[in-house]
Colleague: 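Below is one structure. I have some questions about it.
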Amino acid sequence: MSIDYKAEIERLKKELDVTLVAHYYQRDEVFEMADITGDSLELARRCKADDNPWVVFCGVGFMGQSVKVIAPEKRVLMPKIACCAMARMIDGSYFDDSVNYMVEHGIAKEDILPITYINSDATVKAKVGEMGGYVCTSSNAFKIIEKGLETGKKILFVPDRCLGQNFAIKMGLKSCVIGEGECNPKEADVICFNGFCSVHQLFTVDDIEFYRNKYPGIKIAVHPECDPKVVQAADFAGSTSQLIKYVNELDPEQKVAIGTEYNLVNRMRQKNTYVLSSTKPECPTMNETTLEDLYKTLKSIEEGNPINEIQVDEHTVKYANLALERMLAIK
Ligand code: 13P
Ligand code: SF4
């Protein structure tokens, strides 16, 4: 007999002290089961404030890890420990190499303020925390970089070169990318690591021109993980929640093409809304989690044998938490 996953998940949610969390990029059927949904900043804040001892997190690895770091007393399980491809581009040793690059180019280590996008492993966040730095997300990067600049130090921004460059442009700062052309840390304010999101690289200026030619007056809204040229050509750039707000506030007759993950765009208002790419922009890792995985994870709690539990060592929790809490303290 086949299992009615939705009914079973509802039953298990009622019986267990568990909060089900899902990022906006999750498949619809998984997303619909969640108690808490949001962008990465909202999810981190709301999980911290939540009382349940168990969290089942449908998203990518760094998101579940961040909950464990902020609230180590919680038991955090992930139906799929799927790793964000961008987060995989940097580890502790690449982070050290980036710091060394700046030192070799005449910036003393104590004059470097690292900021890591939340899309990074906890070990990278810990290194950032140890150096007095911050975590940021796509919704608060402006405020965090502004805060970082108050120290008078050079900003080392990891791992997303696009986010780093986009906010530098927005703030009128000079940026460069390590390994890309001449990157002289003495001449730049924000020095970026060379990471990127392959999903958001799908959107191009040609796509924008295509839509503007096809539908004159159309608005273009993109995530700041897109290439700076794309962000410059768009009408609006924002985190997933900010994109939803932007679209909801448009006149229903206003056409809009959106440059971010497919599941989110597909869930937005149906009329006059377009995906800004001819290639379906699906995040493979966000799409890994299925209803069956979610059911099995909840069932494992009921059976007293939890699967896919997130573990972070004490040292990493201590220092990664510093970087995350510095971010959460900024309203
Ligand atoms: P948000 O911070 O907008 O949730 O983005 C996370 C992400 O992974 C985007 O690709
Ligand atoms: Fe990572 Fe890109 Fe997927 Fe976001 S869309 S989780 S940055 S790979």
Side-chain angles (χ1 to χ4, degrees), residues 21-27 30-31 34 36-47 57-67 78-90 115-121 124-125 134-145 157-164 166-167 192-203 221-227 230-231 234 236-247 258-268 275-277 279-289 324 327-328 330:
V21 183
H23 186 267
Y24 285 130
Y25 291 172
Q26 289 292 295
R27 293 161 181 257
V30 170
F31 185 80
I36 296 180
T37 58
D39 69 7
S40 27
L41 180 62
E42 289 162 347
L43 294 181
R45 281 199 196 284
R46 293 183 60 194
C47 286
F57 203 116
C58 304
V60 281
F62 73 83
M63 296 179 173
Q65 240 189 3
S66 296
V67 177
M78 296 193 75
K80 274 276 161 66
I81 305 185
C83 192
C84 158
M86 183 206 292
R88 287 179 83 132
M89 288 179 182
I90 189 166
I115 297 178
T116 181
Y117 190 25
I118 196 164
N119 297 38
S120 55
D121 191 74
V124 173
K125 293 186 177 84
Y134 293 77
V135 171
C136 77
T137 78
S138 52
S139 61
N140 64 13
F142 192 102
K143 281 188 194 166
I144 303 287
I145 296 175
F157 194 94
V158 305
D160 189 6
R161 63 160 189 246
C162 294
L163 205 75
N166 282 325
F167 281 94
C192 305
F193 183 80
N194 202 356
F196 57 88
C197 165
S198 45
V199 180
H200 287 88
Q201 300 315 292
L202 283 176
F203 308 108
V222 300
H223 195 280
E225 285 176 13
C226 292
D227 188 272
V230 171
V231 170
F236 178 79
S239 75
T240 48
S241 293
Q242 290 163 350
L243 287 169
I244 293 170
K245 186 168 181 287
Y246 176 80
V247 173
I258 302 168
T260 196
E261 213 275 344
Y262 180 80
N263 287 336
L264 171 64
V265 181
N266 192 41
R267 209 179 292 127
M268 286 183 179
V275 180
L276 182 67
S277 174
T279 311
K280 197 174 178 188
E282 274 183 314
C283 172
T285 44
M286 280 283 187
N287 273 277
E288 277 185 33
T289 307
L324 274 158
M327 168 185 83
L328 293 173
I330 295 174

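Counting begins at 1 with the first residue of the sequence. Below, each value reflects all heavy atoms present in this structure, side chains not excepted, and no hydrogens, waters or symmetry copies. Atoms within each ligand, like the ligands themselves, are counted from 1 in listed order.
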Colleague: Quick check on contacts: which atoms of ligand 1 are under 4.0 angstrom from a heavy atom of His200?
Modeller: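 It comes down to these atoms of ligand 1: 10 (O).
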Colleague: Looking at atom 4 (O) of ligand 1, what's its closest protein heavy atom, distance included?
Modeller: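 Looking at atom 4 (O) of ligand 1, the protein heavy atom closest to it is His23 NE2, 2.7 Å.
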Colleague: Is there a polar contact between ligand 1 and Thr240, counting only N or O atoms under 3.5 Å apart?
Modeller: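 For ligand 1, there is an N or O atom that lies under 3.5 Å from one belonging to Thr240.
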Colleague: Provide, to 0.1 Å, the distance between atom 1 (Fe) of ligand 2 and the closest protein heavy atom, together with that atom's residue and name.
Modeller: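 So the nearest neighbour among protein heavy atoms is Cys84 SG, 2.4 Å.
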Colleague: With a 4.5 Å cut-off on side-chain heavy atoms, are Leu243 and Phe236 touching?
Modeller: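 Sidechains of Leu243 and Phe236: in contact.
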Colleague: In the protein, which heavy atom is nearest to atom 5 (O) of ligand 1, and how far is it?
Modeller: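 Minimum-distance protein heavy atom for atom 5 (O) of ligand 1 reads His223 NE2, 3.4 Å.
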Colleague: Considering non-hydrogen atoms only, spot the tightest contact between Met268 and Ile258 and give its length.
Modeller: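 Where Met268 meets Ile258 most closely, the heavy atoms are SD-CD1, 3.2 Å.
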Colleague: Closest heavy-atom contact between Thr285 and Cys84?
Modeller: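 Looks like OG1-CA, 4.1 Å.
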Colleague: Which atom names give the shortest non-hydrogen contact between Lys125 and Ser66, and what distance separates them?
Modeller: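 The pair with the smallest heavy-atom distance is NZ-OG, 3.7 Å.
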Colleague: Looking only at protein heavy atoms, which one is nearest to atom 3 (Fe) of ligand 2, and what is the separation?
Modeller: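 The answer is Cys283 SG, 2.4 Å.
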Colleague: Heavy-atom contacts with Tyr25 under 4.0 Å: which atoms of ligand 1 show up? List them by number with element.
Modeller: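 Checking each atom against Tyr25, I get 7 (C), 9 (C), 10 (O).
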Colleague: With side chain to side chain contact (heavy atoms under 4.5 Å, CB included) as the criterion, how do Met327 and Thr137 come out once you've worked through the C-alpha distance, each side chain's angles and the decisive distance to 0.1 Å?
Modeller: CA-CA 9 Å; Met327 168 185 83; Thr137 78; 3.9 Å; yes
Colleague: Is any N or O atom of Thr137, backbone or side chain, closer than 3.5 Å to an N or O atom of ligand 1?
Modeller: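 There is no such contact.
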Colleague: Give me the nearest non-hydrogen protein atom to atom 2 (Fe) of ligand 2 as residue plus atom name, then the distance to 0.1 Å.
Modeller: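 For this ligand atom, the closest protein heavy atom is Cys197 SG, 2.3 Å.
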Colleague: Distance to 0.1 Å, residue and atom name: give those for the protein heavy atom nearest to atom 2 (O) of ligand 1.
Modeller: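 The answer is Ser40 OG, 2.5 Å.
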Colleague: May I ask you to check whether His200 and Thr260 show a side-chain donor-acceptor distance below 3.5 Å?
Modeller: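 Thr260 and His200 do have a side-chain donor-acceptor pair below 3.5 Å.
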Colleague: May I ask you to list the atoms of ligand 2 that are less than 4.0 angstrom from any heavy atom of Tyr25?
Modeller: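 Those qualifying, in numeric order: 4 (Fe), 5 (S).
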Colleague: Which atom names give the shortest non-hydrogen contact between Glu42 and Ser241, and what distance separates them?
Modeller: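 The pair with the smallest heavy-atom distance is OE1-OG, 2.8 Å.
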Colleague: Give the C-alpha distance, both sets of side-chain angles, the deciding distance and a yes or no for side chain to side chain contact (heavy atoms under 4.5 Å, CB included) between Asp121 and Ile90.
Modeller: CA-CA 8 Å; Asp121 191 74; Ile90 189 166; over 6 Å; no
Colleague: In the structure I gave you, are the side-chain heavy atoms of Arg45 and Leu328 within less than 4.5 Å of one another anywhere?
Modeller: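 Heavy-atom side-chain distance check passes, below 4.5 Å.
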Colleague: Mind checking whether Glu225 has a heavy atom under 4.0 Å from ligand 2?
Modeller: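 A heavy atom of Glu225 does come that close to ligand 2.
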Colleague: Does Arg267 form a side chain to side chain contact (heavy atoms under 4.5 Å, CB included) with Phe31? I'd like the steps, not just the answer.
Modeller: CA-CA 10 Å; Arg267 209 179 292 127; Phe31 185 80; 3.6 Å; yes
Colleague: With backbone taken as N, CA, C and O and side chain as the heavy atoms from C-beta onward, which portion of Glu261 lies under 4.0 Å from ligand 1: side chain, backbone, both, or neither?
Modeller: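 Near ligand 1, Glu261 shows nothing, with every heavy atom at 4.0 Å or more.
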Colleague: Around atom 8 (O) of ligand 1, find the nearest protein heavy atom and jot down its residue, atom name and distance.
Modeller: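 Of every protein heavy atom, Asn119 ND2, 3.0 Å lies nearest to atom 8 (O) of ligand 1.
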Colleague: Can you see whether Ser138 engages Glu225 through a side-chain donor-acceptor pair at a distance of less than 3.5 angstrom?
Modeller: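 Absent: no donor and acceptor within the cut-off.
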Colleague: Side chains of Asn263 and Gln26: is there a donor and an acceptor less than 3.5 Å apart?
Modeller: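 No.
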Colleague: Mind checking whether Cys197 has a heavy atom under 4.0 Å from ligand 1?
Modeller: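 No, Cys197 has no heavy atom closer than 4.0 Å to ligand 1.
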Colleague: Among protein heavy atoms, which lies nearest atom 8 (S) of ligand 2, and at what distance?
Modeller: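 Ranking protein heavy atoms by distance from atom 8 (S) of ligand 2, first comes Ala85 N, 3.7 Å.
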Colleague: Backbone or side chain, does any N or O of Asp39 fall under 3.5 Å from an N or O of ligand 1?
Modeller: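 No: no nitrogen or oxygen of Asp39 is under 3.5 Å from one in ligand 1.
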Colleague: Backbone or side chain, does His200 get an N/O/S atom under 2.8 Å to atom 2 (Fe) of ligand 2?
Modeller: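 Within the cut-off used here (under 2.8 Å), His200 places no N, O or S atom near atom 2 (Fe) of ligand 2.
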Colleague: Taking only heavy atoms of Ser239 into account, list the atoms of ligand 1 that are under 4.0 Å away from them.
Modeller: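 Reading through ligand 1 atom by atom, the close ones are 3 (O).
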Colleague: Check Asp160 against ligand 2 and report side chain, backbone, both or neither, counting heavy atoms closer than 4.0 Å.
Modeller: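 Answer for Asp160: neither.
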Colleague: Give me the nearest non-hydrogen protein atom to atom 7 (C) of ligand 1 as residue plus atom name, then the distance to 0.1 Å.
Modeller: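 Protein heavy atom at minimum distance: Glu225 OE2, 3.5 Å.
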Colleague: Please test Tyr134 against Ile330 for side chain to side chain contact (heavy atoms under 4.5 Å, CB included), starting from the C-alpha separation and ending with a verdict.
Modeller: CA-CA 10 Å; Tyr134 293 77; Ile330 295 174; 3.7 Å; yes
